[in-house]
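What follows is a set of notes on a single structure, which appears directly below.
By convention here, the first residue in the shown sequence is residue 1.
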Amino acid sequence: MAKIIAVTNQKGGVGKTTTAINLAAALAIADMRVLVIDADAQANCSSGLGVVRGSLKKSIYDGLIHSEALDSIILDTELDNLKLVPADKTLTGAAVEMLDIPEREYLLKRLLARVVGRFDFILIDSPPSLNILTLNALVAADSVLVPIQCEYFALEGLTDLFDTMARVRRALNPHLAVQGILLTMFDERTNLSAQVRDDLMHHFQNKVLKTVIPRNVRLAEAPSFGRPALLYDIRSKGAESYIRLAKEILSYEKKGTR
């Protein structure tokens with residue numbers, strides 16, 4: 001039975017999609033069977049895993065709105081163990097169309113129920129906002145991974161996200177847990193990055209993951225080639241950091257501590 005992790009932050013530009021792509025690839029390289037769900041209408045996760053824009057016949061939109069089975073939507077990637085449910089611009093209208101569907105918060109959870117037994121991990125790349133698509137991700141997930149950019153406003157919105165998670169636990173998904181807060185774009189040369197790290201550890205303690213993702217040119221370049229950094233340049237610091245993150249998450253799963 002797959003562990004379902006929603007990669008979520010209502011702020012954009014924090015490394016959310018980069019994390020979904022590269023953590024998925026690192027887990028796949030570790031012989032885990034991984035499915036990535038692109039639930040963001042920007043579809044950057046899809047293009048970052050090799051999907052050519054405009055080439056899709058079906059996407060997650062068809063599953064959510066037309067109840068299309070995921071088996072007819074899932075795509076292969078360069079890694080045998082890594083599969084993708086892609087998104088495209090049609091997902092933009094889904095948030096409006098879903099308003100008229102009964103129990104709309106459970107649409108993604110029901111779709112995943114048919115495939116959850118075939119994977120070890122399912123990662124959901126959520127939109128950079130707290131909309132109905134993000135809510136679907138939180139309802140479907142076992143836990144939430146929160147990428148946080150090491151900048152001055154890092155804490156902004158984080159309390160709101162945790163408040164939203166608390167409401168989801170009370171009303172829709174009582175088992176939703178925090179997988180961890182992941183520091184991204186960390187620049188060890190600046191005092192600011194260190195200060196943000198210290199502030200987060202002070203406020204959130206053991207919720208902050210040990211692995212830190214550095215600011216790295218290779219991580220930024222890889223999506224333009226439609227590849228995870230691990231396939232673009234596995235020796236880069238960015239790729240190595242996501243391998244460490246995968247190992248950290250696997251160690252928590254083995255111990256049952258998160």
Side-chain angles (χ1 to χ4, degrees), residues 1-8 15-40 42-53 55-60 63 69-88 91 108 111-126 137 140-143 145 147 179 182 184 211 213 216 218-236 238-254:
M1 188 70 71
K3 173 69 175 286
I4 304 176
I5 302 175
V7 185
T8 302
K16 177 179 57 63
T17 297
T18 297
T19 294
I21 291 171
N22 289 287
L23 174 58
L27 289 168
I29 288 174
D31 290 328
M32 296 290 108
R33 299 165 300 167
V34 185
L35 176 65
V36 173
I37 307 291
D38 191 348
D40 185 352
Q42 296 178 73
N44 290 332
C45 192
S46 298
S47 60
L49 285 171
V51 175
V52 177
R53 292 187 184 275
S55 67
L56 293 177
K57 295 181 179 179
K58 294 180 181 179
S59 71
I60 186 63
L70 288 186
D71 282 323
S72 66
I73 303 172
I74 292 174
L75 302 178
D76 293 330
T77 70
E78 282 191 78
L79 294 168
D80 291 339
N81 283 340
L82 178 55
K83 308 298 181 183
L84 169 68
V85 175
D88 60 17
L91 194 58
L108 182 57
L111 279 178
L112 293 179
R114 303 175 188 177
V115 301
V116 70
R118 306 209 310 257
F119 298 94
D120 299 303
F121 286 90
I122 296 176
L123 303 184
I124 306 171
D125 184 30
S126 308
D142 299 308
S143 63
L145 177 61
Q179 186 70 40
L182 176 68
T184 64
T211 302
I213 309 301
N216 182 252
R218 292 304 198 190
L219 277 179
E221 290 176 345
S224 65
F225 291 88
R227 312 186 82 191
L230 282 74
L231 297 181
Y232 179 63
D233 185 356
I234 197 169
R235 293 182 298 275
S236 66
E240 290 174 352
S241 66
Y242 278 108
I243 291 172
R244 287 195 299 273
L245 176 62
K247 289 179 178 178
E248 182 175 357
I249 287 176
L250 287 171
S251 71
Y252 289 138
E253 294 308 306
K254 185 176 180 180

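Annotation: the span from R227 atom CZ to D233 atom CG amounts to 10.5 Å, rounded to 0.5 Å. Interatomic distance, CG of D40 versus SG of C45, reported as 9.0 Å (0.5 Å rounding). Within the model, atoms CZ of R33 and CZ of F119 stand 8.0 Å from one another, a figure rounded to the nearest 0.5 Å. For the atom pair L79 CG and L231 CG, the distance stands at 4.5 Å (nearest 0.5 Å). The CG atom of L245 sits 9.5 Å away from the CG atom of L250 when rounded to the nearest 0.5 Å. With rounding to the nearest 0.5 Å, the separation of CG in L27 from CD1 in I243 is 11.0 Å.
In terms of heavy-atom proximity, F225 sits nearest to E221 at CD1-O, 3.4 Å. S72 and A69 get closest at one heavy-atom pair: OG-O, 2.8 Å. Contact record, L84 with L35: N-CD1, 4.0 Å, taken as the closest heavy-atom pair. Here the shortest heavy-atom pairing between P147 and V7 reads CG-CG1, 3.8 Å. Of all non-hydrogen atoms in A43 and D38, the two that sit nearest each other are CA-OD2, 3.3 Å. Across P86 and S46, no two heavy atoms sit closer than the pair CA-OG, 3.2 Å.
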Q) Yes or no on side-chain contact (heavy atoms from CB on, under 4.5 Å) for I213 and L219, after CA distance, side-chain angles and deciding distance? A) CA-CA 10 Å; I213 309 301; L219 277 179; 3.8 Å; yes

Q) side-chain contact (heavy atoms from CB on, under 4.5 Å) between M1 and V116: does it pass, once the steps are laid out? A) CA-CA 6 Å; M1 188 70 71; V116 70; 3.2 Å; yes

Q: Would you please test R114 and L70 for side-chain contact (heavy atoms from CB on, under 4.5 Å) and show each step?
A: CA-CA 8 Å; R114 303 175 188 177; L70 288 186; over 6 Å; no

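Considering only heavy atoms from C-beta on, L75 stays 4.5 Å or farther from L49 through its side chain. Taking the side chain as every heavy atom from C-beta outward, V36 and K83 never approach each other to under 4.5 Å. The closest side-chain heavy-atom distance from I60 to L108 is below 4.5 Å.
Proximity of a side-chain donor or acceptor of T8 to a complementary backbone N or O of S126 within less than 3.5 Å is not detected. Judged by distance alone, the side chain of N81 and the main-chain N or O of A28 form a donor-acceptor pair under 3.5 Å.
Residue pairs satisfying the side chain to side chain donor-acceptor pair (under 3.5 Å) criterion with at least one member in residues 15-28, sequence neighbours excluded, are listed as follows: K16-D125, T17-D125, T19-Y242.
Results of the side chain to side chain contact (heavy atoms under 4.5 Å, CB included) test with I5 over D142, L123, I124 single out L123 as the only residue that passes. Paired with V34 under the rule side chain to side chain contact (heavy atoms under 4.5 Å, CB included), one option of L23, T77, L82, I29 passes, and it is L82.
With sequence neighbours left out, the salt bridge (Lys or Arg N to Asp or Glu O under 4.0 Å) criterion links R118 to D71. When the salt bridge (Lys or Arg N to Asp or Glu O under 4.0 Å) test is applied to D31, no partner is found at least two apart in sequence or on another chain.
By the 6.0 Å contact criterion, CZ on R53 is enclosed, its count of non-hydrogen atoms from other residues, nucleotides or ligands being greater than 12.
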